[in-house]
Amino acid sequence: MKKNFWPLNHGFTSLFFIGLLLVSACSSDNGSVEMPEEEGQIDNPKRTAENPLPLFSVNTNGAQIVDEPKIAADFTITDGQQNLYAGKMGIEIRGSTSQFFPKKSYGFETWDAQGNDMDASLLGMPEEEDWILYAPYSDKSLVRNVLIYDLARDMDHYATRTQFVELNINGQYNGVYVLMEKLKRDKGRIDISKLEIDENTGEDLTGGYIIKIDKSEKEGYTDMNSFDSDYGVAGSTAGSPINFLYEYPDADDITQEQRTYISTYISDFEDALASDTFTDPDTGYASYIDLDSFVDFFILNEISNNVDAYRISTFMHKDKNEKLKMGPIWDFNLAWGNADYCSGGETNVWAYKFNERCPGDLWFVPFWWDRLLEDPAFVSRLKERWTELRGNLLSDATISGKVDGYMKILNDGEVIRSNFAKWPVLGTYVWPNNFVGNNYDEEIEYLKQWVLDRTSWLDGAIGAL
């Protein structure tokens with residue numbers, strides 16, 4: 001039974017959820033998704049010293065790439081002067097609402113000659129088998145995800161490593177992509193203990209776990225793949241509970257004892273946070289969570305006004321004998337002023353107040369963040385950390401300099417021209433753009449000015465907490 005910290009209404013059915021998702025994915029206050037009827041056909045750019053991006057070439061040998069299952073393909077990575085990698089892969093379309101776009105993102109595994117998963121190092125990243133080719137499309141700056149991940153790593157948190165590449169599929173140029181690491185438990189990625197199927201008691205049972213708050217459109221939420229929060233959602237009208245999905249171990253591998261442990265741990269944390277003594281450092285919420293990880297997670301989502309913040313693509317992890325940590329961050333293509341709904345494009349609103357801004361949505365922010373900001377100790381640490389970061393890693397000059405650096409990389413060798421010749425979306429509204437620039441320079445200038453306005457507002461807003 002749900003506890004009445006905030007009331008919860010279960011009035012909507014799953015069918016309505018799915019129907020509204022499809023509608024919202026294809027529309028916004030400014031109208032339906034607009035895409036070019038046909039993508040541009042251009043030759044593969046020549047690889048020269050002036051064209052610095054690696055070329056990622058995929059040959060499916062006549063097969064069509066689909067959204068599951070992965071199909072076998074060959075691929076190479078070259079830089080114009082030498083082959084950097086050649087091997088086999090299993091590749092599929094990935095993404096949720098992004099699948100509506102003609103420029104698709106792909107997930108792939110590196111395979112051996114027999115089609116088995118094989119760890120490989122790509123473009124200097126640590127060896128692994130699971131990878132992503134992310135396709136910036138509605139993000140016409142091409143850099144929003146790369147920017148936030150770089151900032152997170154600068155703040156000493158793991159975030160997926162990235163590399164701009166150009167993609168060729170079956171001899172056809174496909175534009176600028178970002179090679180990324182898939183989030184998973186690994187020494188070089190989310191570095192937590194491996195939890196074996198026979199570790200079901202005592203100290204062994206305490207980690208590691210990866211949990212996420214996210215959509216589950218294909219399977220829905222079941223007792224096997226998720227558990228619900230015991231608390232309702234402040235300010236919502238659609239009545240959806242907060243669902244926590246088992247990411248690692250996943251639904252197929254996690255044991256019942258492990259399900260019980262991690263769901264009870266988070267339930268106990270929520271109980272402590274909702275209690276009258278929640279600020280007690282020994283018996284309150286602080287005994288369950290790594291405070292600094294929550295502070296930095298808050299800052300990264302707020303500086304970018306991530307419209308998905310805290311409620312979608314929200315990861316947390318717990319290692320053996322350690323407290324719950326927030327992160328890694330994930331999926332910020334609609335952040336940094338790129339969403340025209342639910343105040344996603346504004347610079348003067350709190351991202352954690354999404355439930356108030358958009359009470360009819362289907363996925364909501366847990367009560368955690370409102371409650372944490374009622375604790376003077378949390379607020380004090382937030383202010384201290386914000387001031388520290390604004391003096392260096394999150395200064396306006398630092399962020400602007402990173403964007404300029406990306407722009408230089410992409411401008412060299414006419415990479416930007418080639419991408420937008422293939423995908424002629426400049427000057428066109430693509431869901432859910434808050435701003436439509438006539439050219440790439442205007443898109444970059446909008447991003448940089450948006451950041452300046454956002455950090456200025458946050459300087460005052462955090463100081464006034």
Side-chain angles (χ1 to χ4, degrees), residues 3 126 128 130 152 156-159 182-214 216 221-231 241-275 277-298 310 313-330 366-369 371-372 375 377-378 381:
K3 301 174 185 177
E128 240 293 349
D130 286 302
D156 205 25
H157 298 285
Y158 169 73
K182 183 178 179 181
L183 294 187
K184 59 184 299 186
R185 190 214 67 81
D186 187 272
K187 184 175 178 59
R189 298 189 183 181
I190 305 176
D191 189 9
I192 57 174
S193 302
K194 186 175 182 180
L195 185 58
E196 303 287 359
I197 196 168
D198 61 351
E199 293 185 302
N200 294 303
T201 60
E203 182 178 292
D204 288 342
L205 188 58
T206 65
Y209 297 91
I210 304 172
I211 300 295
K212 67 176 178 176
I213 303 173
D214 205 356
S216 183
Y221 302 106
T222 70
D223 290 340
M224 297 301 292
N225 68 11
S226 62
F227 59 96
D228 292 353
S229 170
D230 289 328
Y231 293 86
I242 303 297
N243 303 103
F244 302 98
L245 290 157
Y246 303 113
E247 180 72 9
Y248 176 83
D250 64 19
D252 293 332
D253 296 326
I254 192 168
T255 68
Q256 187 55 51
E257 292 84 358
Q258 292 162 359
R259 284 189 182 90
T260 299
Y261 173 82
I262 191 61
S263 61
T264 300
Y265 189 95
I266 290 180
S267 178
D268 289 347
F269 156 58
E270 291 194 312
D271 287 345
L273 186 60
S275 72
T277 58
F278 77 106
T279 61
D280 188 294
D282 298 318
T283 63
Y285 75 88
S287 62
Y288 293 92
I289 68 169
D290 180 271
L291 185 65
D292 287 343
S293 74
F294 274 66
V295 167
D296 281 5
F297 189 84
F298 181 88
Y310 317 110
S313 300
T314 295
F315 287 78
M316 59 201 81
H317 60 281
K318 183 187 180 303
D319 205 355
K320 203 177 297 292
N321 290 325
E322 293 190 9
K323 297 179 181 180
L324 184 71
K325 293 183 178 181
M326 288 303 301
I329 59 167
W330 188 247
F367 77 92
W368 302 359
W369 306 95
R371 190 65 163 165
L372 287 169
D375 179 16
F378 184 87
R381 180 57 185 140

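Given the structure is predicted, the values throughout are model-derived calculations rather than measurements. The figures here come from the full heavy-atom set of this structure, side chains too, leaving out hydrogens, waters and symmetry mates.
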On the 0 to 90° scale, with breaks at 30° and 60°, tag the F378-W369 ring pair as parallel, tilted or perpendicular. perpendicular

With no hydrogens and no angle check, is any side-chain donor or acceptor of R189 less than 3.5 Å from a backbone partner on K182? yes

Beyond-backbone contact of M326 with D296, side-chain heavy atoms, under 4.5 angstrom: no

Going by salt bridge (charged side-chain N to carboxylate O under 4.0 Å, His left out), name the residues that satisfy it together with D253, two or more places apart in sequence or in a different chain.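 For D253, no residue satisfies salt bridge (charged side-chain N to carboxylate O under 4.0 Å, His left out) once neighbours in sequence are set aside.
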
How would you list, by chain and number, every residue that makes a side-chain contact (heavy atoms from CB on, under 4.5 Å) with K187, sequence neighbours excluded?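 K187 satisfies side-chain contact (heavy atoms from CB on, under 4.5 Å) with D191 once adjacent residues are dropped.
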
Partners passing side-chain contact (heavy atoms from CB on, under 4.5 Å) against N225 (at least two apart in sequence or in another chain): S216, E219, T222, L245, A251

Partner of T206 under side chain to side chain contact (heavy atoms under 4.5 Å, CB included), picked from L195, N321, I262, D319, is N321

Is NZ or CZ of R371 both nearer than 6.0 Å to the six-membered ring centre of F278 and within 45° of the ring axis?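 Output yes; distance and angle both within limits.
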
Of all the heavy-atom pairs spanning A286 and P281, show the shortest one and how long it is. CB-O, 4.1 Å

Give me the one residue out of Y261, Y288, Y265 that meets side-chain hydrogen bond (donor to acceptor under 3.5 Å, both in side chains) with K318. Y261

Near-ring test W368/Y310, centroid separation under 6.0 angstrom: no

Will you find, in the side chains of S226 and N243, an N or O donor that is under 3.5 Å from an N or O acceptor? no

Could you go through the ring pair (Phe, Tyr, Trp, His ring centres under 6.0 Å) check for Y246 and F227 one step at a time? CA-CA 8 Å; Y246 303 113; F227 59 96; 5.6 Å; yes

